[in-house]
Number of protein chains: 2
Amino acid sequence: MAGKHLIVSGLVFKEGYTPSNEVIAFRENKTELAYYSRVTEVVIDNFSNPDKFESDYWVGLFGKHNRFDHSMLVGKRNKGVTMAVRLNTEASRENHHRIDHNYFGPRPMLGSNGGETLRIGTSHYSLSDSLTVVENNYFDRCDGEVEIISVKSGANKILNNTFFESRGTLTLRHGNGNLVEGNVFKGNGVDHTGGIRIINRDQIVKNNYLEGLTGYRFGSGFTVMNGVPNSTINRYHQVVNAKVENNTFINVEHIHLAAGSDAERTAVPKNSYFKNNLFYNENNKAPFSLFDDISGIAFAGNVSNLLKDNKIKSGISAQNFSLTKASNGLLYPNENSVNVGVSAKLKPTIKADTGPIWYAKKEPIVSFNSGKTIQVSAGENALFDAVEKASEGDVLVLTDGNYVENKIITLNKTLTIKAANAHKAKITFGRSTLFAIVDHGSLSLEGVVISGSESPDSTGNTLIRTAKWGMLVNYRFSMLNSIIEDLDINHSFHFFDSGSRAFADYISIKGNTFKNITGDLFRMDKEQDDLGIYNTEYLTVENNTFDSIGGAIVKLYRGGKDESTFGPHLSFVNNKVLNASKDKRNKTLASLYLHGAQVVSISGNEFNDSAPIVIEHTVGEPITVVKNNSLTKTSLPSVKELHAKGPHTAVLLNNKQY
Amino acid sequence: MAGKHLIVSGLVFKEGYTPSNEVIAFRENKTELAYYSRVTEVVIDNFSNPDKFESDYWVGLFGKHNRFDHSMLVGKRNKGVTMAVRLNTEASRENHHRIDHNYFGPRPMLGSNGGETLRIGTSHYSLSDSLTVVENNYFDRCDGEVEIISVKSGANKILNNTFFESRGTLTLRHGNGNLVEGNVFKGNGVDHTGGIRIINRDQIVKNNYLEGLTGYRFGSGFTVMNGVPNSTINRYHQVVNAKVENNTFINVEHIHLAAGSDAERTAVPKNSYFKNNLFYNENNKAPFSLFDDISGIAFAGNVSNLLKDNKIKSGISAQNFSLTKASNGLLYPNENSVNVGVSAKLKPTIKADTGPIWYAKKEPIVSFNSGKTIQVSAGENALFDAVEKASEGDVLVLTDGNYVENKIITLNKTLTIKAANAHKAKITFGRSTLFAIVDHGSLSLEGVVISGSESPDSTGNTLIRTAKWGMLVNYRFSMLNSIIEDLDINHSFHFFDSGSRAFADYISIKGNTFKNITGDLFRMDKEQDDLGIYNTEYLTVENNTFDSIGGAIVKLYRGGKDESTFGPHLSFVNNKVLNASKDKRNKTLASLYLHGAQVVSISGNEFNDSAPIVIEHTVGEPITVVKNNSLTKTSLPSVKELHAKGPHTAVLLNNKQY
């Protein structure tokens with residue numbers, strides 16, 4: 001749309017995607033823009049390009065004095081900011097746009113850079129003022145990447161918005177003189193929920209409420225960055241004159257100050273203060289980490305509960321107080337003497353007051369076991385037929401017997417398949433794959449036995465795989481107490497293979513036995529183009545037994561040099577690994593091969609006569625702990641830093657070799 | 001189907017694919033088979049699994065005394081033999097099946113192993129007799145891979161079939177005592193058209209007519225292999241007692257004897273003969289190549305025309321004679337004195353006598369320029385709109401002016417786009433890609449100018465690409481006399497990118513200018529899983545100018561150790577290459593990077609200040625010629641043998657360095 005005083009309302013975009021760069025653009029072309037125009041009560045619902053890494057915006061704001069309000073943007077699954085305020089021509093600067101009362105619904109993890117929900121400006125014009133107001137919006141699980149809102153211009157106001165269980169932060173990335181006031185961040189302890197990150201000059205952050213945030217480093221509940229001296233426009237400008245006052249921080253695990261200090265980022269914050277803020281952590285751990293000299297940040301009039309090891313030595317008064325929930329849903333001190341933190345008058349934006357009232361806000365994911373329970377009898381293609389008939393969330397209970405599957409079972413819904421009696425239902429299959437997880441599919445297996453004995457005599461069979469390429473919808477896979485055996489009819493018979501561009505919210509593998517397998521077990525290594533893309537956020541492998549495995553147990557790959565993702569995470573704990581990963585076709589020469597993983601815990605495992613653990617650190621500040629493993633006839637773990645200089649940063653502790 | 005005396009007829013399978021391992025199986029399961037049953041006048045037309053490398057058969061013959069006749073199998077595009085006679089249980093051996101009067105229609109190049117049209121048996125049971133009769137079938141351009149028919153069992157009869165312009169051979173791969181009689185092979189000079197390849201004992205090859213066959217090595221017009229002493233069942237058994245008589249070979253370029261002789265294959269043919277055969281090559285070149293001692297092959301009563309350098313010194317009488325086409329369409333000597341070769345009574349199977357008469361035999365490919373000519377005027381999205389409206393084979397003629405394309409132009413038909421006046425129509429584009437070639441798309445460009453100046457400021461833009469993954473239908477791309485410039489708005493801006501599993505019948509690039517490009521030009525390297533798969537059969541690059549190219553000009557990759565493909569082929573001739581391929585992101589460190597290419601000619605080029613040619617030989621017997629190139633401030637070509645021992649086999653000639 002281009003012109004003046006235009007109003008658009010009541011449109012719903014779904015079941016499709018834009019062939020151009022935007023769904024809604026406040027311009028016709030480079031020169032014809034919109035002014036004093038409004039888009040209200042519009043819905044864009046899962047209107048994502050099916051090619052996940054083809055980039056587009058859903059809303060592009062250009063021109064001046066435009067308003068986008070009471071709309072709903074939910075389920076953007078492809079690359080590209082959900083909504084962008086563009087300042088690329090003079091006619092779009094100092095724009096006085098207003099973005100209000102919108103419902104920014106769940107945006108799933110993208111598994112790469114490019115998943116911000118709202119961006120205002122770009123680094124290029126970030127010294128210009130945008131004068132955009134963002135108020136009374138609800139950000140519901142906006143998990144696309146590390147930045148929820150990325151402010152890249154000056155003089156914006158971010159007011160009274162609610163951030164609910166959203167992984168990432170509101171980041172004042174570029175531009176000066178922004179105001180962040182009256183916002184509520186509720187993390188509820190969800191991984192990587194963050195708050196506010198400050199960079200640049202003259203930022204004011206006041207009267208915000210932050211609770212239950214677990215994020216750390218640049219994703220912390222609160223972060224004040226170090227800058228780069230004489231920074232170019234696209235690096236980190238020094239924090240000067242930041243005012244942080246009357247905010248409430250409750251169970252915010254991390255507040256990082258002078259964060260990112262390194263050989264390049266040496267300009268510490270200056271002329272800044274924290275005043276009259278409230279800090280309360282029920283575990284009594286102080287949230288502060290200091291990464292450089294913070295003498296440029298004055299602390300005054302702040303109050304905390306009794307915290308251990310608080311590195312802020314003055315300006316925070318430690319007191320014994322308790323909290324009660326007020327009618328606005330926020331926690332306040334019971335003691336009148338503690339009168340810092342957010343105002344009692346703060347009125348959080350609630351979900352029901354955002355978006356168009358006539359369009360339902362649906363839950364984005366079907367839970368396992370949320371449907372019917374269906375008994376299945378053994379027989380040829382019995383499971384295939386049962387899956388075809390099942391509905392979302394159903395549980396298929398397999399009675400004892402043999403299930404012979406001669407067709408690939410394509411899963412496009414959330415299903416649980418469990419044995420009525422553990423290990424009494426045995427599945428064999430006659431095609432190259434037993435289960436193919438495709439868009440909208442998620443699978444939970446429990447207590448079954450699956451054998452490759454009837455599989456085709458060819459290489460590369462794979463028991464479970466995703467679509468081979470191009471999934472758009474994230475999936476989940478869980479397996480408990482099952483037996484996977486005799487995937488050995490030919491070489492390179494794999495257990496689980498991720499396709500390129502497939503992404504698992506999680507894969508959870510507990511209490512299973514894997515034996516006699518010629519190929520790999522978890523192939524999460526398809527994104528070899530080094531664009532920061534990877535195949536699973538969480539891979540959890542606990543209390544399993546692996547016996548006689550030709551290929552690698554885990555191949556986990558996250559290439560690229562950007563730092564815009566939290567994962568991948570691996571937990572490999574309390575497993576028994578025997579005679580694993582020594583086949584000559586295992587090019588990694590590793591039982592666990594991890595490249596660019598961000599959070600890794602490998603502990604309590606017994607490795608016997610197996611290939612070693614190989615870990616390659618790339619970017620970010622990966623957290624790698626390898627401890628309490630016993631290594632019999634198995635080499636010690638190898639850890640390398642591929643980019644950082646100096647010794648590797650992994651913690652290797654008490655790994656005993658026999 | 002399972003049972004006795006069943007008849008199936010009149011079915012058409014199209015627009016779909018089988019969810020199991022076969023479309024038609026002469027069995028219900030492992031034990032319930034078909035006997036004395038017939039499938040007649042059935043059509044399977046382009047009924048291919050959309051995942052090209054998911055394997056299946058279209059027809060599986062099991063049981064005994066079954067007949068498959070007057071049917072049509074056309075357009076199998078996914079992996080897997082079109083029709084298989086299975087001998088995997090005792091109940092399917094000595095089966096006396098009859099396969100007759102079928103039309104085996106065009107099967108496109110698969111670009112990998114697994115594209116045979118008919119297979120009888122497998123190595124495992126190859127010492128069993130099959131007693132299958134294959135007669136009066138028409139094999140029309142069955143180009144899947146190197147074997148058209150693969151006989152892997154004993155006592156079969158291959159009678160009176162026609163092989164029309166089919167790339168590959170009838171191969172007696174395993175099993176003894178087969179009879180090949182009365183067949184007609186017409187190659188018409190098409191690349192890689194072959195005839196008959198003999199391995200094993202007691203094979204009889206008589207009264208066959210072979211004409212216009214260009215194939216060489218294992219794909220020759222005629223091949224007699226060396227064997228492996230005490231061969232395992234799946235290697236090469238020695239040729240013993242082969243009878244080759246009364247065959248006609250006209251313009252058959254290659255007859256290879258004791259072929260494949262190497263350190264393993266040392267058992268030369270024995271007790272065999274060539275008797276009363278006719279050889280005629282109008283270029284007077286003798287077709288014979290001898291790779292080992294052929295004293296075990298007796299020659300007697302054969303006649304040839306006057307041939308130079310004939311290595312067969314006796315048993316072939318060289319005579320001066322001429323040929324005339326007889327009423328059966330075959331060529332016979334005019335001179336009565338020459339009375340060897342095929343019988344005058346041989347009646348070739350003609351296309352019209354095969355398949356069901358009620359189903360049309362369509363041409364598989366739309367030719368460029370076979371449709372209407374349509375004038376297009378310059379403007380925004382003018383080309384996008386014109387392509388949408390165009391029909392198969394149309395020619396879009398662009399009038400002078402600027403074409404600004406803000407949508408990706410998806411090509412799902414065969415189109416030519418040409419400038420009315422060379423270099424007067426200029427195209428720019430605002431998305432990540434200008435042209436995306438998808439299934440059924442082919443593109444010819446002529447005389448246009450395309451610039452990247454208006455493309456998005458992000459990495460990885462690509463002017464032309466195929467579908468990013470999973471094309472099923474081969475495509476063609478041609479570009480003449482065009483200018484491609486300023487693909488430099490960010491790094492890694494590529495010209496042409498093949499998706500994984502996409503396959504070009506050919507790419508032909510002649511007389512163009514490429515300048516100021518940050519990325520690669522021809523990225524035909526997506527099949528990194530080393531399964532013998534590759535992305536183009538022919539890449540022809542002639543008389544172009546390349547100036548200031550950051551990435552590689554050609555990346556051509558064919559991994560894997562099997563030898564079942566003819567390509568890829570590269571011709572890179574008479575080009576000017578200036579300042580190319582030195583960007584630090586060009587990981588190949590090469591201007592031309594060729595891995596596993598089978599036929600390469602690089603000649604008459606001028607390289608100036610550019611990265612070198614890098615060639616990696618893998619398997620097969622690659623034919624690589626690099627000659628008459630001038631290399632200014634450019635390193636000499638590098639050639640490596642990755643598997644074979646000893647010096648490399650490339651011909652490097654007269655490449656002058658300055």
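So you know, we letter chains A, B, ... as the sequences are listed, proteins then strands, and number each from 1. The model shown is predicted, which means the values in this text are computed figures rather than measured ones.
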Top residue by heavy-atom pair count (under 4.5 Å) with chain A, among R431(B), E380(B), E54(B)?
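Going by pairs under 4.5 Å, I would pick R431(B).
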Region of [X] that comes under 4.5 Å of a non-hydrogen atom in chain A:
X       : value
D530(B) : side chain
N406(B) : backbone
D529(B) : neither
S458(B) : neither
T18(B)  : backbone

For the OH atom on Y17(B), are there more than 12 heavy atoms of other groups (residues, nucleotides or ligands in this structure) within a distance under 6.0 Å?
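It does not: Y17(B) OH has 12 such atoms or fewer within range.
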Distance, nearest 0.5 Å, that separates [atom1] of [X] from [atom2] of [Y]:
X       : Y       : atom1 : atom2 : value
W469(B) : R501(A) : CH2   : CZ    : 13.0 Å
D51(A)  : T433(B) : CG    : OG1   : 9.0 Å
D457(A) : T122(B) : CG    : OG1   : 9.0 Å

Bottom line for S500(A): the part with an atom under 4.5 Å from chain B's heavy atoms is neither
Can you tell which part of E454(A) gets under 4.5 Å to a heavy atom of chain B, answering side chain, backbone, both or neither?
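For E454(A), the side chain is the part near chain B, not the backbone.
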